[in-house]
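Below is one structure, written out as C-alpha cells, with a few remarks after it.
Only heavy atoms go into these numbers, but all of them, side chains included; no hydrogens, no water, no symmetry mates. Atoms within a ligand are numbered from 1 in the order they appear, just like the ligands themselves.
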Amino acid sequence: MCSVVGIYKNQNAAKKVFYSLFAMQHRGQEAAGISSNENGKIHTIKDRGLVTEIFTEEHFNVLKGDMAIGHTRYSTAGDDSILDAQPVFAQYGLGEISIVHNGNLTNKNEVRHELIKRGAIFQTNMDTENIIHLIAKNQASTLQERIIDAVNAIEGAYSLIILSRTKMFAIRDRFGFRPLSIGKIKTGGYIIASETCAFELVGAEYIRDVNPGEMVIFENNEMKSIQLFEPTPKKCIFEYIYFARPDSDVFGKNVYETRVEMGKALAKELPIDADMVVPVPDSGVASALGYAKESGIPFELGIMRNHYVGRTFIEPTQEIRDLKVKMKLTPIKHKIAGKKLVVIDDSIVRGTTSKRIVRMLRDAGAAEVHMRIASPASIGACYYGVDTPDSEELIASRMSVEEICKYIEADSLAYLSIEGMLSSINDTKSEYCFACFDGKYPI
Ligand code: AMP
C-alpha cells in the first residue's frame, strides 16, 4: 500500500509534502518520512507513527529547499522496523539520491541475490533498497541512464519518485498497478502524488497521470517525458473498492462515484426486501448510498464509527484486530431495533468485521441482517502492493458463500459479481488487475 509524493520547485517544499502525506495518511499509518533538497544537499527525516506524530516545526528548519519527496508506509507483519521507513537515501558515485516507492517488486529476491553476489550489503527488507543498489552499482555517466537500467532489471508494481541534487523523476511500471498523478501548483512548480486528494491541500490542479511505463523528468523548471516501456495497463481495481480516498480521482475516475456505481450494481443484481440500507462506516458508505438510490430502500447510518481508532487490520495480530473492531463500531440501537437491515461493506477479508457487525446488530434488536458486499469474493493474495493476507487466510478461499453466511451468522450474504464490478467502472478494455477476485495474475 503506501503513498508517495514529490514537490518540485515550490518554496518550503517539505511542508507541502507534509500536508500531502497528511491527506494520504490512509494509505499507510506505520511510518512516514520526508527528504528535502536544499541547494543540492539532501536531508531526510523519517520515523514510525502518524505524519502528525512524527513532524514538528523544528524539523522544517532542517527540511528546507524547493524540492522534497515523502512517503507513508503500510507494511505487512514483522516489517515495522524504522529501518524499513522511507525515503531511502544514499550517497553514491554521482552524488546523493533519495527514493520513495509504492508497490511491490515481484522479482525482489532474484535481484537481491544477484546484488549480494556482486558484493552489495543490505540494511533493510525493502524492495526499494534493491533499486538504490542497482542505481549505485551501474557505471553509466548520468543518473537518468542509471535509473532506466535499474527499472529494466526490476519487475512488478512500482510508482516511484526519485530526488537527486538537481532533478526529480516520477516513474510508473508498465502495468500501472498503483496510481501516480501530476498536478501544477498555483504558486509555481509541480506536485506528483499517489492520490489527487493531496492536491487540494497544496493548491494544485490536476494535469494528468504518469502513464504506465512512463518516466517523467522534472529538470530546469520543466517537465519532460520518456516512455520507457510499452504500456500494458493492469490498474489495481482495489484502489476503487477500498483503498483510495473517495475524493481522489484515481486512474482518471472519481473514487466516490465508482463506489456509488458498485452499490447500484449490487442492488440490481441482488435485490432484497428490507427496511433500511446500513453502511459499514466508512468503507461501505458510498456503495450503500448507491444501493439505497437504486433500490429505493432508505439509507440510514445505523452504525457509528469511533474515528480515533485506525483501520481494523492495520496491526497484524488477530488478537489486536478483534479488539479493534469492538472499539471502532457501535450500533444506534433505537434505529435498528425490530428492523430488517441490508448491511453494505466494501469487502470481506478474514470475516472478523462482518461476524462482529452481524452479532452487534442482532444484539441491538435487528429483526434480520442481510450482508451485501460491494465487490466480488476475495480469493487471492495481492503481490502488487496491497496488504492482503495469504490466500489461506482469506475466508472466501476456504468457504462457499453459504458457509461464510453461516459463519458470520447473517440471514443472507451476497457479493457483487465480477461483471457487475467491471460495468460499474466502464472497463471495456480489460485495463484492470483483479487477480484478488479471479486468481489471474498478470505477472
Ligand atoms: P475482515 O474483518 O478481515 O474481514 O476485514 C474486512 C474489513 O477490512 C472491511 O471492512 C474492509 O473495509 C477492510 N479491508 C479490506 N481490505 C483491506 C486491506 N487490504 N487493508 C485493510 N483493511 C481492509
Atoms in ligand 1 with a heavy atom of [X] nearer than 4.0 Å:
| X | result |
| --- | --- |
| Val386 | 19 (N) |
| Arg350 | 1 (P), 3 (O), 4 (O) |
| Gly351 | 1 (P), 3 (O), 4 (O) |
| Asp346 | 9 (C), 10 (O), 11 (C), 12 (O) |
| Tyr74 | 20 (N), 21 (C) |
| Thr353 | 1 (P), 2 (O), 5 (O), 6 (C), 7 (C) |

Between [X] and [Y], how do the two ring planes meet: parallel, tilted or perpendicular, split at 30° and 60°?
| X | Y | result |
| --- | --- | --- |
| Phe243 | His26 | perpendicular |
| Tyr441 | Tyr384 | perpendicular |
| Phe18 | Phe60 | perpendicular |

Margin query: Does either side chain, that of Ser424 or that of Arg259, offer a donor lying less than 3.5 Å from an acceptor on the other one?
Written below: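 Not at all, the side chains of Ser424 and Arg259 share no donor-acceptor pair under 3.5 Å.
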Margin query: Can you tell me which residue among Arg112, Glu114, Lys108 is in a side chain to side chain donor-acceptor pair (under 3.5 Å) with Asn130?
Written below: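 With Asn130 as partner, side chain to side chain donor-acceptor pair (under 3.5 Å) holds for just one option, Arg112.
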Tell me the contacting part of [X] for ligand 1: side chain, backbone, both, or neither, using a 4.0 Å heavy-atom threshold, strictly below.
| X | answer |
| --- | --- |
| Phe238 | side chain |
| Ser283 | side chain |
| Asp387 | backbone |

Notebook entry, point to check: Per the salt bridge (charged side-chain N to carboxylate O under 4.0 Å, His left out) rule, which among Arg172, Arg174, Arg208 passes with Glu214?
Noted result: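 Of the listed residues Arg172, Arg174, Arg208, the salt bridge (charged side-chain N to carboxylate O under 4.0 Å, His left out) partner of Glu214 is Arg208.
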Check: Can a non-hydrogen atom of Asp345 be found less than 4.0 Å from any atom of ligand 1?
Finding: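 A heavy atom of Asp345 does come that close to ligand 1.
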Note to self: Quick check on Arg356 - does any of its heavy atoms sit under 4.0 Å from an atom of ligand 1?
What the structure shows: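 No, that is not the case, since the closest heavy atom of the residue is not under 4.0 Å from the ligand.
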Next item on the list: Check step by step if side chain to side chain donor-acceptor pair (under 3.5 Å) holds for Asp346 and Ser375.
Entry: CA-CA 6 Å; Asp346 68 297; Ser375 66; 5.9 Å; no
Checklist line | Axial cation check for Tyr190 ring with Lys184, 6.0 Å and 45° limits | finding: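 Geometry flag: set, cation within 6.0 Å and 45°.
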